[in-house]
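Start at 1 with the first residue, then count along the sequence.
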Amino acid sequence: MPESKGYGDRPKLRREMTAIIDRYLLREIFRTFLGVTMILMLILLGDQFARGLARAAADRIPREAVLQLMGLTTIEYLSLLVPAAFFFAVMLTFGRMYRDSEMAALNACGVGAPRLLQPLLRIGLLVALGLAVLSFDTAPWAARKSAEIRLEGARQVQITALEPGRFRSASGGRLVFYARDRNAAGQLTGIFIQQRSDDLVEVVTAARAEQRVSLERDENYLVLYDGIRYAGRPGSPEFRTARFQEHGIPLPVPRRADPTQQQRQVPTGDLLGTGLLEDLAELHWRLAAPVSLLVLTVLAVPLGRSPPRSGRYGRLGFAILVFVLYSNLLGVGRSLLEGGHTPAWLGLWWVHGILAGVAGLMLYLQGGGAWRLRAWWHRA
């Protein structure tokens with residue numbers, strides 16, 4: 001009787017062992033995923049911070065907008081970052097388990113790499129669902145918001161760019177401005193302005209000046225006081241001179257642009273049913289983020305296999321190469337779809353299919369398929 005009871009408890013013990021293995025595997029992958037994500041985020045943020053400082057130094061955006069643009073750009077790039085981080089996390093976790101002979105112990109217990117795909121795909125599906133929300137909703141919103149901040153920042157910089165002691169140019173260099181100082185009333189003093197229109201050159205000097213701005217009406221005027229205006233053509237002795245007490249010069253203000261001009265900024269709902277190849281390609285591109293995460297999850301399992309004494313990051317370079325190849329194939333597929341060279345129903349599925357087929361074949365060969373193929377070949 002005790003023996004039969006013991007045999008009857010084996011399914012329960014097996015389920016408990018499987019649950020322990022699943023929790024251990026997911027915990028290790030989650031920790032590695034967080035670490036890899038943080039590293040990639042730091043690299044991305046460092047690059048974005050450097051670019052933001054360069055734009056601010058070139059007076060293209062206000063300094064206070066740098067951090068906002070960094071955050072919004074990071075949200076946009078998360079759709080590329082998360083699949084890569086999860087792929088590297090699975091590969092690093094399996095590589096460590098092979099190196100520490102944990103996979104050998106699991107194989108001895110009847111738990112192979114294909115069996116570990118079940119918990120991986122469950123957690124991968126959850127991450128893919130969150131990534132789908134990010135790709136279809138949050139990332140386009142972040143792109144639109146980023147474009148609005150850049151535009152408004154350019155408008156603000158255009159207004160606040162007139163500072164004493166520095167030459168400023170606008171309208172492609174056709175307008176050059178310089179002020180020597182600023183008085184107690186906040187007005188610019190010692191004004192020099194040069195304007196070019198075709199072959200006509202105007203030079204204006206004034207004792208002081210002030211700006212009058214209305215962004216709502218797209219108006220930006222520089223009002224000059226007590227000055228002289230010279231106008232003529234270079235090389236010609238004829239020119240006009242005029243003295244003035246008050247003279248207004250319009251300064252260019254960047255026009256308000258449609259925040260949905262670029263495909264990545266268009267809301268997903270506006271892409272549906274348009275029949276345009278560009279919109280269809282953008283939809284497939286957004287769908288590629290969650291789909292590629294699942295494909296890479298399956299592919300990471302056979303790629304993570306490594307000899308027991310191999311280095312910790314021995315296959316990381318190969319993983320980066322695979323991810324870059326996958327990303328480039330998606331880019332090529334998008335270009336082909338936009339150009340009408342591939343049918344609309346096919347989209348980018350052929351790229352996912354190739355990688356998924358390679359992953360399935362590798363899993364089959366590692367799971368004993370190679371031995372079965374050799375046996376079939378000898379029988380044939």
Is there a side chain to side chain donor-acceptor pair (under 3.5 Å) between Thr274 and Asp279? Walk through the geometry before answering.
CA-CA 7 Å; Thr274 62; Asp279 294 345; 2.7 Å; yes
Taking all non-hydrogen atoms of both residues, which atom of Gly124 and which atom of Leu293 are closest, and how far apart?
O-CD2, 3.3 Å
Any side-chain donor near an acceptor of the partner, Gln194 and Tyr178, under 3.5 Å:
no
Donor-acceptor check, side chain of Ser292 to backbone of Ala289, threshold 3.5 angstrom: yes or no?
yes
Cluster check Trp285, Leu329: I/L/V/M/F/W/Y, side chain < 4.5 angstrom
yes
Whether the side chain of Ser146 engages the backbone of Ala142 through a donor-acceptor N/O pair (distance < 3.5 Å, no angle test) should be reported.
no
To the nearest 0.5 angstrom, please state how far the CG atom of Leu325 sits from the CD1 atom of Ile320.
13.5 Å
Show the numbers, then the answer: is there a side chain to side chain donor-acceptor pair (under 3.5 Å) between Tyr225 and Glu210?
CA-CA 9 Å; Tyr225 300 98; Glu210 62 182 7; 2.8 Å; yes
Between the side chain of Arg144 and the main-chain N/O of Gln265, is any donor-acceptor distance below 3.5 Å?
yes
Residue pair Arg96, Glu28: steps toward the salt bridge (charged side-chain N to carboxylate O under 4.0 Å, His left out) verdict
CA-CA 10 Å; Arg96 186 196 62 77; Glu28 291 296 313; 3.6 Å; yes
Carboxylate-amine/guanidinium contact Arg264 Glu282, below 4.0 Å:
no
Between Phe33 and Phe30, how do the two ring planes meet: parallel, tilted or perpendicular, split at 30° and 60°?
tilted
Mark yes or no: Arg286 above the aromatic ring of Phe136, with NZ or CZ under 6.0 Å from the six-membered ring centre and no more than 45 degrees from the axis.
no
Fit a plane to each ring of Phe323 and Phe88, take the angle between them on a 0 to 90° scale, and name the class: parallel (under 30°), tilted (30 to 60°) or perpendicular (over 60°).
perpendicular
